[in-house]
Amino acid sequence: MAEVLVYVDHVDGAVRKPTLELLTLARRVGEPVAVALGSGAGDTAAALAEHGAVKVLTHEAAEYGDYLVVPKVDALQAAVEAVSPAAVLVPSSAEGKEIAARLALRLGSGIITDAVDLEAGDEGPVATQSVFAAAFTTKSRVSKGTPVITVKPNSAAVEPAPAAGAVEALSVSFSAAATGTKVTSRTARESTGRPELTEAAIVVSGGRGVNGAENFAIIEALADSLGAAVGASRAAVDAGWYPHTNQVGQTGKSVSPQLYIASGISGAIQHRAGMQTSKTIVAINKDAEAPIFELVDYGVVGDLFDVVPQLTEEVKSRKG
Amino acid sequence: MSLRIVVTVKYVPDATGDRHFADDLTVDRDDVDGLLSELDEYAVEQALQISENSDDDVEITVLTVGPEDAKDALRKALSMGADKAIHVEDDDLHGTDAIGTSLVLAKAIEKAGYDLVVSGMASTDGTMGVVPALLAERLGVPQVTLLSEVSVEDGTVKGRRDGDAATEQLEASLPAVVSVTDQSGEARYPSFRGIMAAKKKPVESWDLSDLDIDEDEVGLENAYTTVESATERPARTAGTIVKDEGEGGKQLAEFLAGQKFI
């Protein structure tokens, strides 16, 4: 069976969930061979083996942290040359898409980004994408070269499937371009203790109606009662009420949780683009005409300052 | 010293319009108004700010690849303050994918001459966000991408990149490719004077032969990816909507419990 390369997104050896989802999808198209780079690469092997990686190619070097993107492209290219895979799968983060793009160009291959599903086809993997603010679903395949496909978080349920996961050192020689863009400093984001926005099963978002940074506390309280991540609309982010990293929408994160709760969000097309594929959508808004109500499974027309705290109390008491 | 900036921009269908696909599964541009991609306005803005903050002679060229109407996007950028424009237009370009588009842009950027390329983080139609990285790879210059802050001084570009896990400060020597996010700073509105001045600014038109690109390197037939089907998402069935009369939060909790979320 053909091998499929899976690029591993990890933080110091801790594998992030989207990579485990990729391994699940990769098994539909071939035998997953994982590529883990940088500090802690070797520590990823156990988790990757448990989720189906037959082999784990690792390489640790300071370049991966000290320079932007290109060292990782060099390493993936080396892995492609070593394995000759049927496809290369990369998590659809901003960096993942940049790595995938440069790799595809070097391989003379096509690239598909932001796939939400993947299946085997007669002429190679077929990727499903959700486009035009999720108004259309397309099925595409790469028609030239080794398919390079980036896959969005939450596109598949993680399924353990123990495999050998034999660790092998990958031999990488860096290109002249590898040291072109220097990372002169890096400040890790402080953990909020809440789930990652793109990975969370439940997302609670606030928008213009929240009306102030201090009021986001009631959105956070609801999120915490449900074990959810907190999102924000662009209006709330542009007003400085919540960090850009929590922005849901076309220019922020695109999320696809089991449950999405929008509070004080009107539902402009840019926001809908980032959340319309959520499985269940709930909205709370004073304005009965707000376009978000066209999308909801359940909507409450009312003041979020009344409805949200009452909901939070009810969730807490039901959970005991 | 002089600094030549090329800003790549895209003419996209208005996202608030009813976007759909043509029979050949490319984006149907006939039924929806087009405009300068909003995210590219940020790129034009940052180029203008780099120019305003520079002691050097700065020349800003806006570049687009697209059909006749794409001139509207160039005109908007010129009215914001760019100096000149290049429009690459050719019937053989219809259906060109990201890989092919990056080839056309890279050849045009090289022909125009550049020290710095500035792009938006993604287009608002395809939203792939891969063209800046592809340009850096093709041009063989550093990519300094997804910046929320950018500055250029003494042949060096510096910027701030806000990633998922960390905020990074980046630095590279020119020539380089930069892309900026919507956090980089609100784009200015064209002034009346700017709009009048734009009418007199030069717009060059190039086709594939001007760029030594063969017709079999671009277009739908030669794309590296094939769209096999595009189906409209079924409309969501109408949900339940209640008016809060004091019990809205409790009613919502009841719904969530019924769906097993609580």
Side-chain angles (χ1 to χ4, degrees), chain A residues 11 68-69 93-95 97-98 101-102 104-105 109-113 126 132-145 177 180-189 202 244-245 250-251 259 269 280 282 293 295-302 306-308 310-311 314-315 318-319, chain B residues 15-16 19-21 39 97-99 102 121 124 127-130 133-134 137-138 140-146 162-172 181-183 223-233 236 239-244 248-253 255 257 259 261-262:
Chain A
V11 179
L68 194 71
V69 173
S93 61
E95 183 188 46
K97 291 203 277 187
E98 293 184 333
R102 297 186 73 134
L105 194 55
S109 298
I111 174 172
I112 291 173
T113 58
V126 176
F132 293 163
F136 280 81
T137 301
T138 61
K139 285 187 188 286
S140 306
R141 62 185 172 79
V142 170
S143 39
K144 288 185 188 173
T181 307
K182 201 167 182 222
V183 180
T184 53
S185 79
R186 177 178 288 116
T187 315
R189 202 164 299 294
I202 302 178
H244 178 242
T245 42
Q250 191 168 48
T251 60
L259 171 63
I269 185 79
T280 298
V282 166
F293 285 124
L295 303 180
V296 298
D297 297 286
Y298 197 93
V300 180
V301 179
D306 298 327
V307 178
V308 172
Q310 189 180 63
L311 173 60
E314 196 64 21
V315 172
R318 281 174 189 252
K319 283 192 166 176
Chain B
T16 59
R19 295 178 294 179
H20 55 270
F21 288 91
L39 291 167
D97 64 359
I99 299 273
S102 72
M121 60 185 278
T124 55
T127 68
M128 290 178 78
V130 296
L134 289 171
E137 180 73 32
R138 285 202 186 269
V141 302
Q143 72 167 79
V144 195
T145 45
L146 296 167
D162 293 316
D164 280 346
T167 291
E168 294 164 330
Q169 297 290 340
L170 306 178
E171 190 178 308
T181 72
D182 61 341
Q183 301 299 298
Y224 287 72
T225 51
T226 306
V227 181
E228 296 190 327
S229 68
T231 44
E232 194 157 6
R233 203 163 184 258
R236 293 184 82 99
T240 307
I241 300 194
V242 300
K243 190 168 176 344
D244 178 36
K250 287 183 182 161
Q251 287 167 290
L252 184 44
F255 169 78
Q259 302 284 315
F261 288 116
I262 308 178

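Residue numbers start from 1 in every chain, and the chains themselves are labelled A, B, ... in the order their sequence lines are given, proteins ahead of strands. Note that this is a predicted model, so its numbers are computed, not measured.
- If you measure heavy-atom distances from A/Leu295 to chain B, the contacts under 4.5 Å come from both the backbone and the side chain.
- Ranked by non-hydrogen atom pairs under 4.5 Å with chain A, the options B/Asp244, B/Val130, B/Val242 are led by B/Val242.
- Of the listed residues (A/Lys97, A/Glu95, A/Glu314, A/Arg102), the one with the most heavy-atom contacts under 4.5 Å to chain B is A/Arg102.
- A distance of 4.5 Å separates NE2 of A/His244 from CG of B/Asp182, quoted to the nearest 0.5 Å.
- Rounded to the nearest 0.5 angstrom, B/Gln251 CD and A/Gln310 CD are separated by 8.5 Å.
- For the set B/Gly163, B/Ala98, B/Gly140, B/Gly129, the entry with the most heavy-atom pairs within less than 4.5 Å of chain A is B/Gly163.
- Neither side chain, A/Thr187 nor B/Thr167, offers a donor N or O lying under 3.5 Å from an acceptor on the other.
- Using a 4.5 Å cut-off between heavy atoms, A/Ala135 contacts chain B through its backbone alone, with no side-chain atom that close.
- For A/Asp297, the parts lying under 4.5 angstrom from a heavy atom of chain B are both the backbone and the side chain.
- Proximity of B/Thr181 to A/Thr251: side-chain heavy atoms (C-beta onward) are nowhere separated by under 4.5 Å.
- Using a 4.5 Å cut-off between heavy atoms, A/Val183 touches chain B through backbone and side chain atoms alike.
- Put simply, of A/Gly302, A/Ala177, A/Ser140, the one with the most heavy-atom pairs under 4.5 Å next to chain B is A/Ser140.
- Here the NZ atom belonging to A/Lys139 is positioned 8.0 Å from the OG1 atom belonging to B/Thr231, to the nearest 0.5 angstrom.
- Highest contact tally toward chain B, considering only A/Ile202, A/Asp306, A/Thr280, is held by A/Thr280 [criterion: heavy-atom pairs under 4.5 Å].
- Put simply, the side chain of B/Thr225 does not reach to within 4.5 Å of the side chain of A/Arg141, judged on heavy atoms.
- Contact of A/Ile269 with chain B is made through the side chain alone, with heavy-atom distances under 4.5 Å.
- Shown here for B/Leu134 and A/Ala101, the closest heavy-atom pair between the two residues is CD2-O, 3.2 Å.
- For the pair A/Ile112/B/Met128, no side-chain contact is recorded, criterion being any heavy-atom separation below 4.5 Å from C-beta on.
- Using modelled atom types and a 3.5 Å distance limit, the side chains of A/Glu98 and B/Thr145 yield a donor-acceptor pair.
- Here the CD-OG1 distance, from B/Glu171 to A/Thr184, works out to 5.5 Å after rounding to the nearest 0.5 Å.
- Of the atoms belonging to B/Ile99, it is side-chain heavy atoms, and not backbone ones, that fall under 4.5 Å from chain A.
- Heavy atoms of A/Thr181 lying under 4.5 Å from chain B belong to its backbone as well as its side chain.
- Considering every non-hydrogen atom in both A/Gln250 and B/Thr124, the closest pair reads NE2-O, 3.0 Å.
- Looking at B/Gln143, both its backbone and its side chain come within 4.5 Å of chain A, counting heavy atoms on both sides.
- A 4.5 Å side-chain heavy-atom check between B/Glu228 and A/Val126 finds at least one atom pair inside the cut-off.
- Atom NZ of A/Lys182 has 12 or fewer heavy atoms from other residues, nucleotides or ligands within 6.0 Å.
- Using a 4.5 Å cut-off between heavy atoms, A/Val282 contacts chain B through its side chain alone, with no backbone atom that close.
- Contacts between B/Asp97 and chain A at a heavy-atom distance below 4.5 Å are absent for every atom of the residue.
- Highest contact tally toward chain A, considering only B/Gly239, B/Ala223, B/Ser229, is held by B/Ser229 [criterion: heavy-atom pairs under 4.5 Å].
- Using a 4.5 Å cut-off between heavy atoms, B/Leu170 touches chain A through backbone and side chain atoms alike.
- Counting heavy-atom pairs under 4.5 Å between each of A/Val315, A/Leu259, A/Val296, A/Val308 and chain B puts A/Leu259 at the top.
- Donor-acceptor pairing under 3.5 Å is lacking for the side chains of B/Gln169 and A/Arg186.
- Of the listed residues A/Ala188, A/Ser143, A/Gly110, the one with more heavy-atom pairs under 4.5 angstrom with chain B than any other is A/Ser143.
- The candidate from A/Thr138, A/Thr137, A/Val142, A/Thr113 with the greatest count of non-hydrogen atom pairs under 4.5 Å with chain B is A/Thr137.
- Counting only heavy atoms from C-beta outward, the side chains of B/Ile241 and A/Val301 approach each other to under 4.5 Å.
- The shortest distance between side-chain heavy atoms of A/Phe136 and B/Arg233 does not fall below 4.5 Å.
- Ring pair B/Phe255/A/Tyr298 is parallel by interplanar angle, where below 30° counts as parallel and above 60° as perpendicular.
- Interatomic distance, B/Leu146 CG to A/Leu68 CG, rounded to the nearest 0.5 Å: 8.5 Å.
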